[in-house]
Amino acid sequence: MEKVYSNREVSIIFEKIATLLEIKGENRFKIIAYRRAAENISSLGKDLKSITEDGTLRDIPGIGKAIGDKIYELISTGKLEFYEKLISEVPESLLVLAEIPELGPQRVRMLWKKLGISDLDVLEEAARNKNLQKLDGFGPKIESNILSGIQKVRKHPFQGRISLGRAWNTASVIIEKMKDKPWLDKISPAGSIRRMKDTIGDIDILVASRDAERVMEFFVGMEEVHEVILRGKTKTSIRIGSHLQVDLRVIAPESWGTALQYFTGNQEHNVQIREFALDRGYSLSEYCLRATSEDKEIFFENERSLYEFLGLSYIPPELRQGKGEINLARNGELPELLELNDIRGDLQFHTNWSDGKASLEEMAKAAMQRGLEYILVTDHSHGLGITGGVTPDDLVEQGREIDLLNEKYEGKMRVLKGVEVEVKADGSLDLKDQVLGSLDLVVAAVHSSLRQERERITERYIRAIENPYVHILAHPTGRLIGERDGADADWDRIFKAAASTGTLLEINATPQRLDLPDNLVRRARELECRFVVSTDAHVMEHFDFLFFGVGVARRAGLTAADILNTWPWEKLINWKKG
DNA sequence: GCCGTTTTCGGCCCGACTGTTTTCAGTCG
């Protein structure tokens with residue numbers, strides 16, 4: 001049987017093709033096309049396999065006849081002749097060289113063509129022997145940068161991306177340090193953290209100031225700074241710790257609107273906005289909008305006025321992905337996204353009855369302080385050995401404690417009775433229906449045997465979803481960002497089962513999870529699923545994670561109507577699935 | 001190689017920083 005390629009694997013192949021074509025010296029727009037296709041494939045929520053069967057491949061933006069045929073060939077035969085021919089002309093090992101910072105396609109081609117270098121060891125040897133300086137444009141500085149770059153690639157073979165939560169913490173620390181300084185006018189996170197992307201490559205921060213020199217001086221002088229990567233008049237990059245990069249950009253206050261728009265991106269969105277502006281006779285840069293017919297510069301106080309000037313409704317950062325949002329904005333069809341304030345209750349958290357660190361009452365108070373109206377207690381069921389979960393008897397006893405708390409905090413906080421019940425390897429649950437039926441809401445979760453083969457794990461999920469006592473499927477894919485991929489399941493089938501039974505899908509807000517991921521949320525919504533956003537808090541501070549879960553929902557284009565924990569608790573517990 | 005609310009052909013964003021250079025190419029975002 002030939003290999004079945006996942007979306008991610010196909011995306012990686014097209015990304016490799018783009019880089020190899022770049023080294024080969026192909027037309028740069030062709031390269032952009034492959035890269036764009038790779039990017040769009042990686043964020044699809046639906047299997048390429050079923051898309052090729054539907055014949056809807058060409059509906060994906062950036063996929064035309066040539067790339068569409070290649071995807072079809074790869075999916076249906078497990079091979080791609082074009083790719084095999086390409087790597088026979090351009091050694092695949094050159095891709096590793098291109099990972100070295102400052103070694104782009106032009107320099108890699110030169111090393112390969114002029115010196116016959118195609119792997120790290122040979123490159124290192126040549127650099128040590130000062131052979132690289134023989135090449136045009138290579139001097140001592142580049143040579144030594146290559147040497148240190150080789151060490152970095154060896155240490156971190158794939159560019160490490162960090163979780164949104166960690167990136168946000170670091171950005172907040174820096175912003176806190178700078179925000180009240182007299183030489184600073186405005187400051188904002190930008191880039192992928194502002195777009196609430198689930199993983200972050202580097203942190204972008206934008207500052208408006210009349211005294212850029214002062215800002216830069218402060219920035220590079222912070223105690224957290226491990227290394228200054230680059231330092232210019234308006235743009236400086238530093239490294240914090242071993243590999244987390246922070247880019248700071250300083251602009252004059254009048255450029256704030258265009259600059260924040262530019263620095264938030266993503267790149268594809270920016271290209272599309274700039275093309276959109278050009279079509280209307282304006283050239284857009286981070287500094288201003290310039291009318292191309294006359295020499296006139298237009299400045300914007302904020303992003304909203306810029307978008308509106310161009311005839312678009314305001315596009316929230318989370319939707320700036322270059323995937324059709326500009327057309328929606330032009331037609332006034334953007335969704336009114338879920339807001340953090342819309343969330344009234346949290347539907348998954350843990351206490352010291354299982355693996356949580358705080359008592360039920362402490363957690364209830366912490367949730368109350370954050371403005372929540374209700375919380376659903378969901379300690380682990382006892383089947384999950386490692387966490388010392390709750391037994392049926394424990395749940396009865398916990399129920400009494402909950403009743404007391406509800407008397408004590410009546411009108412301020414409502415604690416709902418629930419559990420996070422374990423879905424066993426065969427899809428059965430480790431608590432009896434009778435026990436589940438005594439609770440307000442039941443959350444079911446898969447924690448073990450995530451590596452089951454696709455058909456089996458899909459059936460397992462569906463069996464859990466079809467249980468009439470299961471209201472919510474927790475962290476559906478089971479992924480842990482940077483540690484393990486989620487289950488390989490037939491998500492379309494699972495989502496259809498969830499939609500038809502009315503089972504809610506959780507958007508787990510813990511930064512290491514963010515599960516469902518935004519692309520699958522988008523797909524599930526197309527299939528008419530509904531959702532909850534839950535923190536999965538294990539300590540009091542974790543209730544703050546809600547912010548990240550709302551970010552995922554917003555990236556997927558969800559509104560408050562899609563999320564059931566925007567409802568009052570009375571409505572929620574009287575709601576019956578199905 | 002993709003794409004079209006002026007286009008099925010002829011376009012395809014815009015600028016900062018560095019290192020190597022005497023005016024610019026390469027890389028990055």
Side-chain angles (χ1 to χ4, degrees), chain A residues 14 17-19 21-23 25-40 57-71 82 98-111 132-133 135-146 149 159 190-192 195 200-206 212 216 228-237 245-251 255 258-259 261-290 292 311 322 324 326-327 330-331:
Chain A
F14 282 94
I17 288 174
T19 306
L21 289 175
E22 223 173 0
I23 294 169
E26 266 280 5
N27 173 297
R28 67 189 185 99
F29 297 109
K30 188 191 278 194
I31 291 152
I32 289 169
Y34 276 99
R35 212 152 258 147
R36 174 152 186 256
E39 163 67 26
N40 288 342
L57 214 41
R58 300 273 298 266
D59 294 346
I60 302 167
I63 296 188
K65 174 144 180 29
I67 292 182
D69 285 349
K70 289 185 177 70
I71 293 172
F82 173 80
E99 292 286 304
I100 297 171
E102 294 172 57
L103 262 195
Q106 310 296 334
R107 287 175 185 150
V108 170
R109 179 169 65 245
M110 207 140 163
L111 291 168
L132 305 187
Q133 298 189 37
L135 297 171
D136 282 346
F138 282 66
K141 190 76 195 196
I142 286 179
E143 197 170 56
S144 79
N145 285 349
I146 287 174
Q159 295 269 337
S192 49
R195 300 195 310 273
I200 305 297
D202 49 41
I203 294 174
D204 295 313
I205 295 174
L206 180 70
M216 293 308 184
V228 178
I229 301 165
L230 129 192
R231 164 129 195 217
K233 284 205 288 253
T234 71
K235 185 179 167 183
T236 290
S237 296
Q245 183 173 329
V246 184
D247 296 341
L248 183 78
R249 186 73 190 265
V250 183
I251 45 87
S255 291
T258 47
Q261 192 285 320
Y262 157 74
F263 212 36
T264 298
N266 70 359
Q267 179 139 340
E268 189 62 31
H269 175 85
N270 283 351
V271 169
Q272 290 177 15
I273 280 287
R274 288 174 177 200
E275 284 174 350
F276 187 83
L278 269 181
D279 282 349
R280 280 148 192 80
Y282 298 100
S283 166
L284 175 62
S285 77
E286 55 265 52
Y287 298 109
C288 65
L289 189 69
R290 189 175 282 118
T292 45
I326 293 172
N327 255 329
R330 174 161 62 174
N331 300 328

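These numbers come from a predicted model, not from an experiment.
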| message | Pick the closest DNA chain B nucleotide for A:Asp247 and for A:Asp136 by heavy atoms, then say which residue is nearer the 5' end. | response |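 Looking at the nearest nucleotide for each, A:Asp136 comes out on the 5' side.
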| field | First of A:Pro105 and A:Thr236 reached from the 5' end of DNA chain B, by closest nucleotide | value |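 Comparing both residues, the 5'-ward one is A:Thr236.
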Could you work out the separation of [N] and [M] based on their [atom1] atoms and round it to a whole Å?
N: B:dT6; M: B:dG1; atom1: C1'; value: 23 Å
N: B:dT8; M: B:dC2; atom1: C1'; value: 12 Å
N: B:dG10; M: B:dA16; atom1: P; value: 33 Å

| said: Within 90° of 0 counts as syn, otherwise anti: where does B:dT22 fall? | reply: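 Glycosidic conformation of B:dT22: anti.
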| said: Pairing check on B:dT8: which nucleotide meets the Watson-Crick or G-U wobble criteria with it, both distances under 3.5 Å? | reply: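 Partner of B:dT8: none found under 3.5 Å.
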| task | In whole angstrom, give the distance that lies between atom CD1 of A:Ile326 and atom P of B:dC13. | result |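 So the CD1-P distance, A:Ile326 to B:dC13, works out to 12 Å.
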| field | Test side chain to side chain contact (heavy atoms under 4.5 Å, CB included) applied to A:Tyr34 and A:Glu26, step by step | value | CA-CA 12 Å; A:Tyr34 276 99; A:Glu26 266 280 5; over 6 Å; no
| Residue pair A:Arg107, A:Glu143: steps toward the salt bridge (Lys or Arg N to Asp or Glu O under 4.0 Å) verdict | CA-CA 11 Å; A:Arg107 287 175 185 150; A:Glu143 197 170 56; over 6 Å; no
| Is there a side-chain contact between A:Gln261 and A:Asn270, using heavy atoms and a 4.5 Å cut-off? |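 With C-beta onward as the side chain, the pair touches.
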| said: Assess, by modelled atom type and distance only, whether the side chains of A:Arg35 and A:Thr19 contain a donor and an acceptor separated by less than 3.5 Å. | reply: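 Side chains of A:Arg35 and A:Thr19: pair found under 3.5 Å.
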| task | Look at all strands and tell whether A:Tyr262 reaches a base, only sugar-phosphate, or nothing, counting heavy atoms closer than 4.0 Å. | result |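 A:Tyr262: base contact, heavy atoms under 4.0 Å.
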| When we call it a touch if two heavy atoms are under 4.0 Å apart, what does A:Arg28 touch: a base, just sugar-phosphate, or nothing? |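 Here A:Arg28 touches no strand at all.
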